[in-house]
Asks: 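Let me begin by handing over the structure; questions about it come next.
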Amino acid sequence: MEETLIIYRPIGVIHSEHVVAEQTPIQPAYARGCRGQAEIFPEFAEGLRDLEGFSHLYLIYHLHRVEPSQMLVKPFLQNAIRGIFATRAPCRPNAIGLSILELLHREGNVLYLDGMDILDGTPLLDIKPYTAKFDFVKTTRNGWQDEVDEKEARKLGKRGCQK
Ligand SMILES: C[S@@+](CC[C@H](N)C(=O)[O-])C[C@H]1O[C@@H](n2cnc3c(N)ncnc32)[C@H](O)[C@@H]1O
């Protein structure tokens, strides 16, 4: 198959207090109280209309400071080797990050968000509203994560976000 190169143009930039990858929380679930902003470039600002009705947003972004990709990784929360696609590790073939953040409020083209697990200066590719109507799944299998002690995960996963 012919290789296709896909180019995306950022719609904005993420501002957060995180500047060191190793001190950044590993997921929004462990970053409650860690706030930041998504600044949307003026040419896309009109597209923010009606967003305030949603409590949570998916941010889709380019992990611009990521290490080269690996197919097998040791997840942060477990001492075992797993396939990259069975983890949320950043060193993926396409460096796409996905976080569900709480929308606190909007001021013009700036979204104020809680639950930041994203480095400052990260290019933002897209925003989609999280809606329980489409996205909430009541019963799930959680793979190897069911082997991880949740109390320990919360303690470790917060890293620099000690709010
Ligand atoms: C485990 S990843 C999860 C990111 C996202 N919630 C996901 O599931 O795709 C979170 C880690 O990615 C790293 N990270 C965050 N922003 C990054 C960026 N712009 N470039 C490279 N690494 C980044 C930080 O070390 C952070 O702790």
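Whatever order the structure lists ligands and atoms in, that order sets their numbers, starting from 1. Values below: every heavy atom of this structure, side chains too, minus hydrogens, waters and symmetry copies.
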Asks: Counting only heavy atoms closer than 4.0 Å, does ligand 1 sit against the backbone of Phe76, its side chain, both, or neither?
Replies: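 For Phe76, there is no contact with ligand 1 at all, from either part.
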Asks: Closer than 4.0 angstrom, basic N to acidic O: yes or no for Lys155 and Glu150?
Replies: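 Looking at Lys155 and Glu150, the cut-off is not met.
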Asks: Taking non-hydrogen atoms only, is Arg159 closer than 4.0 angstrom to ligand 1 via side chain, backbone, both or neither?
Replies: side chain
Asks: Please write down residue, atom name and distance for the protein heavy atom closest to atom 16 (N) of ligand 1.
Replies: Leu119 N, 3.1 Å
Asks: State the atoms of ligand 1, each with its element, that fall below the 4.0 Å cut-off from a heavy-atom position in Val66.
Replies: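 What qualifies from ligand 1 is 20 (N), 21 (C).
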Asks: Within the 4.0 Å heavy-atom shell around Ala21, which atoms of ligand 1 are there?
Replies: 24 (C), 25 (O), 27 (O)
Asks: For ligand 1, which atoms, with element, lie under 4.0 Å from some heavy atom of Gly97?
Replies: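 So the answer, numbered in order with elements, is 9 (O).
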Asks: What's the shortest distance from atom 20 (N) of ligand 1 to any protein heavy atom, and which residue and atom give it?
Replies: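 Heavy-atom neighbour on the protein nearest atom 20 (N) of ligand 1: Arg65 N, 2.9 Å.
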Asks: Quick one: nearest non-hydrogen protein atom to atom 7 (C) of ligand 1, plus distance?
Replies: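 Result: Leu98 O, 3.0 Å.
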Asks: Using every non-hydrogen atom in the two residues, find where Tyr30 and Ala153 come nearest and quote the distance to one decimal.
Replies: OH-CB, 3.5 Å
Asks: If hydrogens are left out, which of Leu63, Leu101, Thr87, Ile100 has an atom nearest to atom 14 (N) of ligand 1, that is, the closest non-hydrogen atom?
Replies: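 Going through Leu63, Leu101, Thr87, Ile100 one by one, Leu63 has the nearest heavy atom to atom 14 (N) of ligand 1.
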Asks: Please check if any side-chain donor atom of Ser99 sits under 3.5 Å from a side-chain acceptor atom of Tyr61, or the reverse.
Replies: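 Distance-only check passes for Ser99 and Tyr61.
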Asks: With Leu48 as reference, evaluate Val110, Ile127, Ile11 under the side chain to side chain contact (heavy atoms under 4.5 Å, CB included) test and give the passing residue.
Replies: Ile127
Asks: When you measure from atom 12 (O) of ligand 1 to every protein heavy atom, which one gives the shortest distance, and what is it?
Replies: Pro90 CG, 3.6 Å
Asks: Can you tell me the protein heavy atom closest to atom 10 (C) of ligand 1 and the distance?
Replies: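 Of the protein heavy atoms, Ile26 O, 3.6 Å lies nearest.
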Asks: Is it the case that the side chains of Tyr58 and Asp135 hold a donor-acceptor pair, with the cut-off being a distance below 3.5 Å and no angle test?
Replies: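 Judged by distance alone, the side chains do pair up.
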Asks: Could you tell me the separation between the CZ atom of Arg154 and the CG atom of Leu77, rounded to the nearest 0.5 Å?
Replies: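 These two atoms lie 11.0 Å from each other.
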Asks: What part of Pro25 sits under 4.0 Å from ligand 1 if we count only heavy atoms: the side chain, the backbone, both or neither?
Replies: backbone
Asks: Can you list the atoms of ligand 1 that are under 4.0 Å from a heavy atom of Thr122?
Replies: 18 (C), 19 (N)
Asks: Kindly indicate whether a cation-pi arrangement holds for Arg159 with Phe76, taking the cut-offs as under 6.0 Å to the six-membered ring centre and within 45° of the axis.
Replies: yes
Asks: To the nearest 0.5 Å, how far apart are CG in Asp114 and NE2 in His56?
Replies: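 Between Asp114 CG and His56 NE2, I get 8.0 Å after rounding to 0.5 Å.
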Asks: Which ligand 1 atoms are under 4.0 Å away from a heavy-atom of Tyr61?
Replies: 4 (C), 5 (C), 6 (N)
Asks: Give me the atom names and distance for the closest heavy-atom approach of Pro75 to Thr87.
Replies: CG-CG2, 4.1 Å
Asks: If the threshold is 4.0 Å, N to carboxylate O, is there a salt bridge linking Glu147 and Arg82?
Replies: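 Yes, this pair counts.
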Asks: Just need the protein heavy atom nearest to atom 6 (N) of ligand 1, so name the residue and atom and give the distance.
Replies: Asp117 OD2, 2.7 Å
Asks: Got the closest protein heavy atom to atom 8 (O) of ligand 1, with its distance?
Replies: Arg88 NE, 2.8 Å
Asks: Numbering the atoms of ligand 1 from 1, which are under 4.0 Å from a heavy atom of Ser99?
Replies: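 Heavy-atom distances to Ser99 below 4.0 Å select 5 (C), 6 (N).
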Asks: Examine the side chains of Glu39 and His15 and answer whether a donor and an acceptor come within less than 3.5 Å of each other.
Replies: yes
